[in-house]
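Values below: every heavy atom of this structure, side chains too, minus hydrogens, waters and symmetry copies. The chains referred to below are lettered A, B, ... by the order of the sequence lines, with proteins before strands, and numbering in each begins at 1. All figures in this text were calculated on a predicted structure; none of them were measured in a lab.
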Number of protein chains: 2
Amino acid sequence: MAVTLAEVAAHAGVSPATVSRVLNGGYPVAGGTRTRVEQAVEELGYVANGPARALAAATSDLVGVLVHDVADSFFGILAGSLQSALAPKGHGDPRRLAVVCNTEGAPEAELAYLTLLEGQRAGGVVLTGGAVEEPGHTTALAARITRMADAGAPVVLCGRPPLPVPAALPVATVMFDDRGGAFRLAEHLLSLGHRRIAYVAGPPGLSTTRVRLGGHREALRRHDPALPEACDPLTVHAGFERSAGYDATRELLRRGAPFTAVAAANDTVATGVAAALREAGLRIPGDVSVAGFDDLPVCVDTAPALTTVRVPLREAGILAAQLVTGRRPLPPGGITTLPTELMVRGSTAPPPPEGSRP
Amino acid sequence: MAVTLAEVAAHAGVSPATVSRVLNGGYPVAGGTRTRVEQAVEELGYVANGPARALAAATSDLVGVLVHDVADSFFGILAGSLQSALAPKGHGDPRRLAVVCNTEGAPEAELAYLTLLEGQRAGGVVLTGGAVEEPGHTTALAARITRMADAGAPVVLCGRPPLPVPAALPVATVMFDDRGGAFRLAEHLLSLGHRRIAYVAGPPGLSTTRVRLGGHREALRRHDPALPEACDPLTVHAGFERSAGYDATRELLRRGAPFTAVAAANDTVATGVAAALREAGLRIPGDVSVAGFDDLPVCVDTAPALTTVRVPLREAGILAAQLVTGRRPLPPGGITTLPTELMVRGSTAPPPPEGSRP
DNA sequence: CCCGATTGAGAAAGCGCTTTCCATCACTCG
DNA sequence: CGAGTGATGGAAAGCGCTTTCTCAATCGGG
């Protein structure tokens, strides 16, 4: 059916082995021979049979990309830039294909997809999104990743903490300075004069949740050691969806404890928070300031525009692509932390004078 | 290294052929034997070698998903639901993996990715996003798709017009009633009293652009045969990004021809339109009404919320997944048109009384 | 109770490529 | 001037699975 390597070899008057070597490099081939082969490839319109290559080489051109959900802008942007970076313009390298898997953040799903990817002899895997911090899962994941990396498939952890794997293995971690971002965001709110700061956190047990909340509380503590505890009643855990922010805020409002600002786990949640607030007749930022996290595109289209912390998703995607394809050497220690940046917009302002509610 | 079929066979005391048959079905295997094999698979934790399967069977578990850009919510949502639908909960079927490819809508990129996918012996392909309507490309694409479908890989065109391929081939088309949606949206604006309706269309030459604009103009024409032409100076073509909407609107404003409403190619563009309008000191919908298309999540978070046309992306993704895996038979004619729905929100209202500008 | 259908399972031939392991060959060193 | 040497290219053995092609065994009917 399709043109095979053997046919190209015959056409060029060389052996299949030579054609393979020309195509894959890493072996000296005389200039003339090389040209002849390349011409044959061109003339016959040869396209390698991926599965056959993968079977023989025990590694494929597939790169697994585990995300919570590509429909979520956070992951969509990350996966998008990653995918694009996998396909370099100058079609020099053989193109790697991105296999994206929605795990919903579920440990079992992550493991299940990794199994599938191992079965496909994926040439690399990128795990994104916060990690469920449960000892059992961490161990299982570390073991799996070690096995894959050991088999030659680079693994990149993106936006999640490093895992205990033997050094020297091709395992890299790309982190975001979530803690610093949350810290600066809280500082921003404090400097505006806010003290009763509500916090709609992500799901408990997730690394991202812990780190962001940690940075936030640290800033409160720095300002006033008693503040973190004082704000505890104003902290609620929720999911990462808009509705979670909405529900959490209604709950907060229902409780009646007054607050003048709300920081959310991420921008999506923040939009839910804002919606609930507005619905309750509160003005943003007049009555309550709202802040998100991630700096998704939606931030500039809400009214007022959302103060948030920019997380360099595109950069992370590109970096992850380079690391997982080996186009970029592992940084010392295997960890790269990308900076986050406070983006002050219209949704945060000084709190209203005392006496207003809530 | 990993457990192989042969080892499972040995463990179960049968031949490799039998194990393969148990795993793939489609061949009678006695109950006892089957049980024994399944047990062996379980005990050894056997995971099939994808490439080997694909090589022997000449088809893989990979499903290609071509999108303009997954980072764009429209495609992210589509690809997300498609991917999830590919992995049915009850882990009965062998899981299919989604290979997502960002084509930026470029014909060459589409072809290039299809080549790659053919090389991988993909078991199916879903092409999404409007098609570039250029004879050459249409022909080339039709030929490619025919070849793939002929080789047994179902092809699903999603959100783009059907292609001329021999019937009887597994090629399905899932369309959105873009025309109807645009028509009803225009009707809505007309019924509010708008007559000078600007339109920020998508890139020329793209099927989506043509169809949406067509529906829009048809509604204008129905209302008053002279209206389409009257609004021509208010129609501009742009890209599908927010900035395109922004730039186009500034251009419109600069021209000085008055208008009381702007319909955009999609929601993302509409947010850009709104931003430019607000920046020019115009109130929405007080001075100018704005409408989008697609009903992306962002619509409910803009202020005011964006009137738009809901496009059933999730449903389309699920449907495409079922069609491309053959879990759902092709509809007669191979075409399914999904309905769109007008979503009236706060960004559209009657035009201001004459005399206001512009 | 024997014979042609059926049903169930094994043997073996690839699928198309990579990759040792060798065989050349043209030189160069001593 | 013969052997050592690096640069090239070929032969062939798989990689792990699917799928004919075959054959043994079981079964119902005349």
Side-chain angles (χ1 to χ4, degrees), chain A residues 1-38 40-41 44-62 94 116 118-123 151-153, chain B residues 1-38 40-41 44-62 94 116 118-123 151-153:
Chain A
M1 182 155 320
V3 182
T4 70
L5 220 200
E7 297 176 315
V8 173
H11 193 78
V14 300
S15 76
T18 302
V19 177
S20 174
R21 297 200 262 249
V22 169
L23 260 29
N24 299 307
Y27 196 89
V29 174
T33 314
R34 151 164 285 122
T35 311
R36 217 145 18 97
V37 170
E38 285 168 344
V41 166
L44 268 43
Y46 171 72
V47 176
N49 177 317
R53 271 170 57 101
L55 176 57
T59 179
S60 72
D61 293 337
L62 268 29
L116 246 29
E118 268 190 278
Q120 295 293 333
R121 298 292 181 272
Chain B
M1 181 155 318
V3 181
T4 70
L5 221 199
E7 296 175 314
V8 173
H11 192 78
V14 299
S15 75
T18 302
V19 177
S20 173
R21 297 200 262 250
V22 168
L23 260 30
N24 300 306
Y27 195 90
V29 175
T33 314
R34 152 164 283 121
T35 312
R36 216 145 19 98
V37 171
E38 284 169 344
V41 166
L44 268 42
Y46 172 70
V47 175
N49 178 315
R53 272 169 57 99
L55 175 58
T59 179
S60 72
D61 293 336
L62 268 29
L116 247 27
E118 268 190 279
Q120 294 295 333
R121 299 292 181 272

Worksheet item: Expressed in angstrom and rounded to an integer, what is the separation of Gln120(B) atom CD from dC15(C) atom C1'?
Response: 15 Å
Worksheet item: Is there a donor-acceptor contact under 3.5 Å from the side chain of Thr35(A) to the main chain of Gly31(A)?
Response: yes
Worksheet item: What's the CZ-P distance between Arg34(A) and dT8(D), to the nearest Å?
Response: 10 Å
Item to complete: Classify the side chain of Tyr27(A) and the base of dG9(D) as holding, or not holding, a donor-acceptor pair under 3.5 Å.
Response: yes
Worksheet item: Does any N or O donor sit under 3.5 Å from an N or O acceptor when you compare the side chain of Arg21(B) with the base of dG10(C)?
Response: yes
Practice prompt. Could you grab the distance from atom CD of Gln120(A) to atom CG of Leu62(A), nearest 0.5 Å is fine?
Written response: 6.5 Å
Worksheet item: Can you find a heavy atom in the side chain of Arg53(B) that is under 4.5 Å from one in the side chain of Asn24(B)?
Response: yes
Discussion item. For Arg21(B) versus Val29(B), what's the shortest heavy-atom pair and its separation?
Written reply: CB-CG2, 4.0 Å
Practice prompt. Start with the C-alpha distance between Asn49(B) and Thr4(B), add both sets of side-chain angles, then the distance that settles side chain to side chain contact (heavy atoms under 4.5 Å, CB included), and finish with yes or no.
Written response: CA-CA 8 Å; Asn49(B) 178 315; Thr4(B) 70; over 6 Å; no
Item to complete: Would you mind telling me which residue lines up with the more 5' stretch of DNA chain C, Val14(B) or Ala56(B), judged by nearest nucleotide?
Response: Val14(B)
Fill in: 5' priority, DNA chain C, between Leu23(A) and Arg36(B) [closest heavy atom]
Arg36(B)
Worksheet item: Side-chain N or O of Asn24(A) less than 4.0 angstrom from OP1 or OP2 on dT18(C)?
Response: yes
Practice prompt. For the side chain of Arg53(A), starting at C-beta, report the closest nucleotide among dT18(C), dA9(C), dG16(C).
Written response: dT18(C)
Practice prompt. For Ala58(A), answer base if it contacts any base atom (sugar-phosphate contacts may also be present), sugar-phosphate if it contacts only those atoms, and nothing otherwise; contact means non-hydrogen atoms under 4.0 Å.
Written response: nothing
Worksheet entry | Selection from dC17(D), dA9(C), dA12(C) that lies nearest to any side-chain heavy atom of Leu5(B) | dC17(D)
Item to complete: Report the distance from atom CZ of Arg121(A) to atom P of dG16(D), rounded to the nearest whole Å.
Response: 7 Å
Practice prompt. Using a 4.0 Å heavy-atom cut-off across all strands, classify Val19(B) as base, sugar-phosphate, or nothing.
Written response: nothing
Item to complete: Whole angstrom is fine here: how far is it from CG in Asp61(B) over to C1' in dC17(D)?
Response: 12 Å
Worksheet entry | Proximity to the side chain of Ser20(B) - top-ranked nucleotide from dT18(D), dG9(D), dT18(C) | dT18(D)
Fill in: dG10(D) OP1/OP2 closer than 4.0 Å to side-chain N/O of Thr18(A)
yes
Worksheet entry | Side chain of Leu55(A) (C-beta onward), nearest among dA12(D), dA9(C), dG16(C) | dG16(C)
Worksheet item: What does Thr4(B) touch in the nucleic acid at a heavy-atom separation under 4.0 angstrom: a base, only the sugar-phosphate, or nothing?
Response: sugar-phosphate
